[in-house]
Protein chains: 2
Amino acid sequence: MKRPTIADIARRAGVSKGAVSYALNGQPGVSEATRQRIVAIAQEIGFNPNSAARALSGASARAVGLTLCRPARMLSIEPFFMGLISGFESELAARSYALTLQVVATPELEVEVYRRWWGERRIDGVIVTDLRENDVRIQVLQQLQLPAVVIGGPGDTGRIAQIWSDDAGAITETVRYLVALGHRRIARVSGLPDLLHTQTRTRAFHEVCASLGLNEAVTVPSDYTGEEGGRATRRLLIGNDRPTAIIYDNDVMAVAGLAVAQEMGLAVPGDLSIVAWDDSPLCSLVHPPLTALTRDIAEYGAHAARELLAAIDGKQVGNVEAGAAHLTPRGSTAPPRQPGSAAPAQPEP
Amino acid sequence: MKRPTIADIARRAGVSKGAVSYALNGQPGVSEATRQRIVAIAQEIGFNPNSAARALSGASARAVGLTLCRPARMLSIEPFFMGLISGFESELAARSYALTLQVVATPELEVEVYRRWWGERRIDGVIVTDLRENDVRIQVLQQLQLPAVVIGGPGDTGRIAQIWSDDAGAITETVRYLVALGHRRIARVSGLPDLLHTQTRTRAFHEVCASLGLNEAVTVPSDYTGEEGGRATRRLLIGNDRPTAIIYDNDVMAVAGLAVAQEMGLAVPGDLSIVAWDDSPLCSLVHPPLTALTRDIAEYGAHAARELLAAIDGKQVGNVEAGAAHLTPRGSTAPPRQPGSAAPAQPEP
DNA sequence: CTCCACCACTTATCCGGTTCAGTGAATTCT
DNA sequence: AGAATTCACTGAACCGGATAAGTGGTGGAG
């Protein structure tokens with residue numbers, strides 16, 4: 001079954017290809033009567049303009065690209081990326097832009113994908129996640145003049161737009177909250193240490209701990225997976241001066257940490273309080289439900305998509321701050337049980 | 001910065017556009033020396049063939065489409081889809097096919113997306129998930145003659161290739177295992193009831209239960225979300241003849257069910273055994289870790305992508321069975337505690 | 001009544017590849 | 001040696017739209 005072209009419409013309407021093009025694109029140059037006739041025929045035969053032909057005559061590809069540079073096993077469990085993708089989609093679909101996805105192994109391969117996509121005119125712009133320090137991708141994007149939006153700062157992205165949330169503020173708020181509950185030994189299990197937002201969080205965490213006189217604050221680097229998060233937790237909890245509260249850089253590690261604590265016979269939140277960064281249904285599913293730093297990830301993604309579309313349209317976009325994460329207290333945080341004091345009544349079996 | 005075209009290469013090499021095209025595509029018609037000279041120039045100036053121009057001259061778009069028809073909040077937590085996407089990618093990237101993604105609200109919108117993509121020549125084929133009974137999408141795909149692979153059968157897909165795993169066998173194995181442990185009252189919390197694979201599982205579940213003389217077998221329909229899964233579990237557990245084992249159609253609901261059981265003071269696995277369909281890191285993260293029906297979802301996706309690429313190449317592909325899920329016993333299943341007998345020692349706090 | 005502006009189109013060109021039908025020169029065959 | 005074939009390449013058409021330039025007819029202004 002041959003797919004119809006404007007030539008088919010032109011033949012049936014008894015006009016030229018050019019007239020059809022004008023009519024379908026709402027350009028002046030055809031009478032209203034003719035336009036309606038042409039539109040009706042296009043409807044009837046189910047015409048869709050060939051995107052390749054359009055793109056070839058100078059129009060944009062009407063697609064944006066996203067590369068994901070994490071191992072498959074991390075992607076499948078992390079609710080973050082799917083949330084982000086849903087957010088992108090909500091904006092892109094409304095303007096009928098397609099989203100092209102590629103999973104890559106390394107940042108170097110990622111820039112290769114950018115080069116290829118851009119060279120092939122396959123996409124009009126890209127969304128970059130997981131900003132690193134002196135990120136190779138930034139230079140390449142600038143050099144290619146490929147419209148882009150970077151998520152995961154704040155960082156130095158030159159002329160490229162970025163969108164970030166105030167992670168430093170969020171972690172400061174969290175530490176203050178835990179200290180207010182009475183915690184003095186607070187630890188943190190972080191995400192991949194070479195990501196810029198991990199560094200931002202780490203810096204802010206240690207600053208606020210120092211300012212509050214918490215000298216034992218420690219950050220254990222991890223990689224967002226449950227296994228690593230569990231291992232890191234075990235390492236933290238076997239020490240003599242074990243922390244009474246742990247902040248995790250994502251929900252998956254927090255859930256894993258919870259399981260480790262329970263397996264070691266520690267009561268949560270009595271013996272150990274837990275805070276997860278990024279709230280997902282996961283956090284409310286487990287028992288006790290986890291106190292979390294909630295962000296609207298889909299909205300974050302939608303915001304990024306809007307910025308990217310603006311950049312593609314040639315508008316100047318800069319450094320945008322999205323809504324910061326805010327603390328959602330649930331059952332996993334409480335004042336620490338005093339050593340030697342009786343265990344508070346637990347609703348657990 | 002203007003992106004280079006074959007005309008640029010032709011000028012620099014002192015040959016015609018046609019010669020460059022032959023050289024870069026490994027076609028006969030140029031001498032080996034010239035070919036190498038042309039390839040070197042292409043390398044040097046960073047040439048990538050414009051995919052639109054290629055697609056326009058009859059070549060394929062080198063992209064496949066995937067639509068996801070589930071609400072965003074389900075997508076973000078379900079590890080299934082990300083696993084599937086990772087699997088697709090591993091095959092597609094190897095043959096440098098792009099994956100185009102779209103989140104849609106309804107199956108009707110989904111067929112609109114197919115029509116548009118195909119009409120625009122944006123994609124060469126699609127992967128269809130969540131097969132339903134008398135699925136509208138099947139007819140449309142056949143009518144459009146759009147190459148496709150359907151996941152989520154087995155079902156009637158006419159000439160369209162499908163790939164499925166033996167869910168009936170897997171659930172039969174699971175029930176037999178639970179019965180062997182001593183369970184007699186087994187319930188099931190299912191996924192969306194209008195999905196074909198849900199119906200397959202339900203039918204098989206009730207058949208095996210009947211054949212084993214389990215007359216109280218009940219399936220509670222749900223929707224894959226944690227909230228619904230938790231609610232369904234609560235409903236099952238408040239009855240007088242509460243089940244001693246529950247099988248969940250996905251991991252998210254199983255984790256939610258676990259939380260509900262613990263919150264109601266039931267010991268898992270002593271009072272209630274839990275089996276999750278689809279093993280994800282989630283299942284081993286919680287405490288106790290969940291017995292699960294393990295499938296290699298990424299491999300499932302990779303397999304589907306291979307079939308689709310074969311279909312795009314015009315090869316006849318039919319009805320392919322992928323590896324079935326197999327039971328991975330973990331801590332959440334055990335013989336049911338006899339009513340009145342002493343509770344076995346629990347390692348929990 | 002003439003000239004010009006305007007409308008509603010048509011014609012032609014372009015985008016950047018692919019591909020087919022030549023073309024001249026070198027090589028092979030008879 | 002002359003004809004036939006092969007080789008290495010050129011020129012042009014083509015894919016399906018967008019768009020600039022051109023065309024004939026109409027209406028109003030001068």
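Residue numbers begin at 1 in each chain, while the letters A, B, ... track the order of the sequences.
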Rounded distance (Å) that lies between atom C1' of D:dC15 and atom CZ of B:R122: 17 Å
side-chain N/O A:R54 vs D:dG16 OP1/OP2, d < 4.0 Å: no
Distance, rounded to the nearest Å, where B:Q27 contributes CD and C:dT19 contributes C1': 9 Å
Rounded distance in Å - CD1 (B:I38) to P (C:dT18): 12 Å
Length of the line joining A:N25:CG and D:dG16:P, which is rounded to integer Å: 17 Å
Any A:S21 side-chain N or O less than 4.0 Å from OP1/OP2 of D:dA18: yes
Polar pair under 3.5 Å, donor/acceptor by atom type, side chain B:K17, base D:dG11: no
Please list each protein N or O that sits under 3.5 Å from an N or O in nucleotides 6-9 of chain C, with the distance.
| from | atom 1 | to | atom 2 | distance (Å) |
| --- | --- | --- | --- | --- |
| C:dC9 | OP1 | A:T34 | OG1 | 3.4 |
| C:dC9 | OP2 | A:S31 | N | 2.7 |
| C:dC9 | OP2 | A:S31 | OG | 2.7 |
| C:dC9 | OP2 | A:T34 | OG1 | 2.8 |

Euclidean distance, atom CG of residue B:L56 to atom P of C:dT13 [Å, nearest integer]: 18 Å
Interatomic distance, A:I6 CD1 vs C:dC14 C1' [rounded to whole Å]: 13 Å
Flag, side chain of B:W117 to backbone of B:G65, donor-acceptor distance under 3.5 Å: no
Side chains of A:Y97 and A:I312 in contact at under 4.5 Å (non-hydrogen atoms): yes
Criterion side-chain contact (heavy atoms from CB on, under 4.5 Å) against B:V150, the qualifying member of B:L196, B:T157, B:N319: B:T157
Length of the CZ-P vector between A:R3 and D:dG17, whole Å: 11 Å
Whether A:R137 side chain and A:P107 backbone form a donor-acceptor pair below 3.5 Å: no
Short side-chain to backbone donor-acceptor contact, A:Q27 and A:S21, under 3.5 Å: no
Interatomic distance where CG belongs to B:D8 and P belongs to C:dG17 [whole Å]: 8 Å
Any B:N50 side-chain nitrogen or oxygen under 4.0 Å from OP1 or OP2 of C:dC15: no
Nucleotide nearest A:S57 (side chain, heavy atoms from C-beta), chosen from C:dT18, C:dG16, D:dG17: D:dG17
Side chain B:N50, main chain B:A52, donor-acceptor under 3.5 Å: yes
A:R62 side chain vs A:A55 backbone, donor-acceptor pair below 3.5 Å: no
